[in-house]
Amino acid sequence: MKSSIELEDALRSLCTLVGLIAVLDNLVIVMILFCNRKQWNQIDLFVLALSLIDCSYALALIINLVARQISDTWILGDFLCRTLFSVDMFTMSCSIYILLIMSFIRYQVINQPFDALLTVNPLNKAFILIIAQSILAMVVATPMMMYTKTKIMPLGTICTGAWPKES
């Protein structure tokens with residue numbers, strides 16, 4: 001039993017370290033992109049968005065893991081329970097949508113190269129696409145915010161999804 005707890009603590013510590021490295025790496029990417037912002041293109045804007053999303057996911061992961069390292073029960077309260085799970089869903093959705101948009105844009109450039117050259121201000125188009133996918137990701141994450149709750153159990157408090165029952 002003690003070996004299992006030590007292994008779990010070691011894995012949490014390792015995940016926290018990976019999360020810290022992810023935050024630092026993504027901040028370096030953001031710094032590099034901002035230093036070269038005069039040369040931005042569509043892909044740079046998408047990479048910036050992905051870096052910021054990944055950084056926020058890593059921060060949420062670190063908060064969750066540190067809280068679980070301190071206590072085996074949920075100690076962060078109902079608000080952070082809802083927020084962390086919603087940030088998790090939001091960042092996953094954003095990452096998927098941005099990668100999908102990047103793939104579609106690359107397909108268009110390869111399939112219709114001359115039309116891609118005639119596009120009026122591709123940075124504005126990329127910015128609008130990033131805002132639109134963020135709104136869509138917020139809509140997708142809203143049920144997680146509404147139905148995630150802390151639940152008091154015999155062994156302590158847990159953070160879990162409390163989906164409504166079908167009638």
Side-chain angles (χ1 to χ4, degrees), residues 11-69 74 76-149 159-164:
L11 288 175
R12 285 182 187 157
S13 298
L14 180 65
C15 287
T16 303
L17 179 65
V18 168
L20 287 171
I21 292 170
V23 169
L24 292 174
D25 287 348
N26 284 298
L27 290 177
V28 167
I29 291 170
V30 169
M31 282 182 7
I32 290 170
L33 286 172
F34 271 105
C35 288
N36 298 322
R37 69 176 169 247
K38 291 180 183 176
Q39 301 171 0
W40 274 6
N41 58 31
Q42 275 184 328
I43 298 301
D44 289 339
L45 205 54
F46 289 126
V47 169
L48 176 68
L50 278 172
S51 293
L52 292 172
I53 289 164
D54 193 37
C55 193
S56 64
Y57 178 79
L59 287 171
L61 174 73
I62 291 169
I63 292 170
N64 193 352
L65 289 170
V66 168
R68 290 179 187 242
Q69 190 77 21
W74 187 258
L76 298 177
D78 195 54
F79 175 74
L80 278 178
C81 173
R82 291 171 186 254
T83 303
L84 289 176
F85 278 83
S86 297
V87 165
D88 186 40
M89 178 65 77
F90 174 75
T91 55
M92 283 190 294
S93 299
C94 279
S95 295
I96 291 167
Y97 299 151
I98 287 178
L99 291 172
L100 183 67
I101 291 168
M102 287 172 68
S103 298
F104 183 72
I105 288 172
R106 287 325 230 175
Y107 171 77
Q108 279 185 321
V109 168
I110 291 168
N111 199 27
Q112 302 164 340
F114 296 112
D115 290 345
L117 290 175
L118 299 175
T119 303
V120 179
N121 203 345
L123 283 179
N124 284 346
K125 180 181 170 185
F127 187 72
I128 290 169
L129 286 171
I130 289 170
I131 297 298
Q133 69 81 29
S134 296
I135 291 169
L136 179 62
M138 281 184 208
V139 169
V140 168
T142 299
M144 188 65 78
M145 176 69 100
M146 293 171 45
Y147 296 118
T148 303
K149 297 181 172 134
C159 179
T160 185
W163 300 101

Which heavy atom in [X] sits nearest to a heavy atom in [Y], and how many Å separate them?
X      : Y      : value
Phe85  : Cys159 : CE1-SG, 3.2 Å
Ala22  : Ala58  : CB-CB, 3.9 Å
Ser51  : Val30  : CB-CG2, 4.0 Å
Arg82  : Met145 : NH1-O, 3.0 Å
Ser134 : Phe90  : O-CE1, 3.4 Å

Listed partners of Phe104 passing ring pair (Phe, Tyr, Trp, His ring centres under 6.0 Å), at least two apart: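 Phe104 satisfies ring pair (Phe, Tyr, Trp, His ring centres under 6.0 Å) with no other residue.
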With distance as the sole test, does Asp54 use its side chain to make a donor-acceptor pair with the main-chain N or O of Leu50 at under 3.5 Å? no
Go through Val18 and Leu61 one step at a time and tell me if the side-chain contact (heavy atoms from CB on, under 4.5 Å) criterion holds. CA-CA 10 Å; Val18 168; Leu61 174 73; over 6 Å; no
Kindly indicate whether the side chain of Leu52, heavy atoms from C-beta on, has any atom under 4.5 Å from the side chain of Asn26.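 In short, these two side chains do not touch, never coming nearer than 4.5 Å.
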Distance (rounded to the nearest 0.5 Å) between [X] [atom1] and [Y] [atom2]:
X      : Y     : atom1 : atom2 : result
Ile130 : Gln42 : CD1   : CD    : 9.0 Å
Thr83  : Ile63 : OG1   : CD1   : 9.5 Å
Leu20  : Leu59 : CG    : CG    : 8.5 Å
Leu33  : Leu45 : CG    : CG    : 9.0 Å
Leu84  : Tyr57 : CG    : OH    : 11.0 Å

Just to verify, which of Asn64, Leu76, Thr148 counts as forming a side chain to side chain contact (heavy atoms under 4.5 Å, CB included) with Cys81?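 The passing option is Thr148.
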Only pairs under 3.5 Å count here: list side-chain donor-acceptor contacts from residues 91-103, not counting sequence neighbours, and write none if there are none.
unit_1, atom_1, unit_2, atom_2, d
Thr91, OG1, Val87, O, 2.9
Thr91, OG1, Asp88, O, 3.1
Ser93, OG, Met89, O, 2.9
Ser95, OG, Thr91, O, 3.0
Ser103, OG, Leu99, O, 2.9

Is there a side-chain contact (heavy atoms from CB on, under 4.5 Å) between Thr142 and Met146 once you walk through the steps? CA-CA 6 Å; Thr142 299; Met146 293 171 45; 3.8 Å; yes
In sequence, state the C-alpha distance, the side-chain angles, and the governing distance for Thr160 and Trp74, and then conclude on side-chain contact (heavy atoms from CB on, under 4.5 Å). CA-CA 10 Å; Thr160 185; Trp74 187 258; over 6 Å; no
